[in-house]
Amino acid sequence: MKRWAQVIGLEPDRLDEYRAYHKNIWPEVVENLKQAHIHNYSIHYAGGYLFSYFEYSGSDLEKDLHRLASRPENIRWRSIMKQMQLPFSDGDERVVWIPMEEVFYLE
């Protein structure tokens with residue numbers, strides 16, 4: 001099991017809208033996440049930033065994430081979420097979510 005955390009900014013006036021979408025997340029998006037071996041997925045908010053955490057139980061995270069990103073429902077979902085998010089910049093490229101390094105874990 002691999003633990004994965006990431007962070008991104010959120011437009012200041014979009015938190016309520018972001019919450020509403022996730023309160024009513026599309027069933028197809030949930031099913032696609034499960035098929036990608038993603039479990040215990042949560043998103044937290046503090047001071048203009050979203051922090052997400054999930055556990056991955058598959059054997060090829062890159063392949064599963066690529067397949068997840070190519071599903072029509074996920075493409076639509078991500079395009080809506082992207083309008084509310086404030087991506088970080090990684091040189092010349094805009095990175096949507098920045099992976100976070102795990103520095104401590106207590107089981």
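Numbers here are sequence positions counted from 1. Predicted model only: the values in this text are computed from it and were never measured.
Closest of all the heavy-atom pairs between Arg67 and Ser70 is O-OG, 2.8 Å. Annotation for Leu86 and Leu10: closest pair CD1-O, 3.5 Å, computed over non-hydrogen atoms. Considering every non-hydrogen atom in both Leu68 and Ile38, the closest pair reads CD2-CD1, 4.1 Å. Residues Ala69 and Arg78 approach most closely at CB-NH1, 3.1 Å, considering heavy atoms. For the residue pair His37 and Gly58, the shortest heavy atom distance occurs at CB-N, 3.4 Å. Counting all heavy atoms, side chain and backbone alike, Phe51 lies closest to Trp97 at C-CZ3, 4.4 Å.
More than 12 heavy-atom neighbours from other residues, nucleotides or ligands sit within 6.0 angstrom of CH2 on Trp77. When the shell of 6.0 Å around OH of Tyr53 is examined, it contains more than 12 heavy atoms from other residues, nucleotides or ligands. Within 6.0 Å of NE2 on His44 lie more than 12 heavy atoms contributed by other residues, nucleotides or ligands.
Under a 4.0 Å N-O distance rule, the pair Glu73/Arg76 does not qualify as a salt bridge.
Between Phe54 and Gln6 there is a side-chain heavy-atom pair separated by less than 4.5 Å.
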Query raised in the report: Hey, mind stepping through Trp26 and Ile80 against side-chain contact (heavy atoms from CB on, under 4.5 Å) and telling me if it holds?
Result: CA-CA 12 Å; Trp26 304 339; Ile80 294 168; 3.7 Å; yes

Query - Trace of the side-chain contact (heavy atoms from CB on, under 4.5 Å) decision for Glu62 with Asp60 - result: CA-CA 6 Å; Glu62 187 174 324; Asp60 190 338; 3.9 Å; yes

Requested in this report: List the steps, then state whether side-chain contact (heavy atoms from CB on, under 4.5 Å) holds for Glu17 with Met84.
Outcome: CA-CA 8 Å; Glu17 182 182 6; Met84 293 180 252; 3.8 Å; yes

Requested in this report: For the pair Arg71 and Gln35, evaluate side-chain hydrogen bond (donor to acceptor under 3.5 Å, both in side chains) and give the outcome as yes or no after the intermediate values.
Outcome: CA-CA 11 Å; Arg71 304 271 170 112; Gln35 289 176 5; 2.8 Å; yes

Query raised in the report: Run the side-chain contact (heavy atoms from CB on, under 4.5 Å) check on Tyr18 and Met81 step by step: do they pass?
Result: CA-CA 7 Å; Tyr18 195 83; Met81 297 305 108; 3.6 Å; yes

Compile the donor-acceptor pairs under 3.5 Å between side chains in residues 100-107 and protein atoms, sequence neighbours left out, one pair per line.
| from | atom 1 | to | atom 2 | distance (Å) |
| --- | --- | --- | --- | --- |
| Glu102 | OE1 | Arg3 | NE | 2.8 |
| Glu102 | OE1 | Arg3 | NH2 | 3.2 |
| Glu102 | OE2 | Arg3 | NH2 | 2.7 |

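Interatomic distance, NZ of Lys82 versus CD1 of Ile8, reported as 9.0 Å (0.5 Å rounding). Distance CG/Leu33 to CD1/Ile25: 6.0 Å, rounded to 0.5 Å. Note that CD1 of Ile43 and CG of Leu50 are 6.5 Å apart. Values are rounded to the nearest 0.5 Å.
Residues forming a side-chain hydrogen bond (donor to acceptor under 3.5 Å, both in side chains) with His22 (at least two apart in sequence, or on another chain): none. The side-chain hydrogen bond (donor to acceptor under 3.5 Å, both in side chains) search around Ser59 returns none, not counting sequence neighbours.
Formation of a donor-acceptor pair under 3.5 Å by the Asn24 side chain with backbone atoms of Ala20 is found in this model. Between the side chain of Tyr45 and the backbone N or O of Gly48 there is at least one donor-acceptor pair closer than 3.5 Å. The main-chain N or O of Leu61 is found under 3.5 Å from a side-chain atom of Tyr56 such that the two form a donor-acceptor pair.
Between the side chains of Gln85 and Arg14, no donor-acceptor pair of N or O atoms lies under 3.5 Å.
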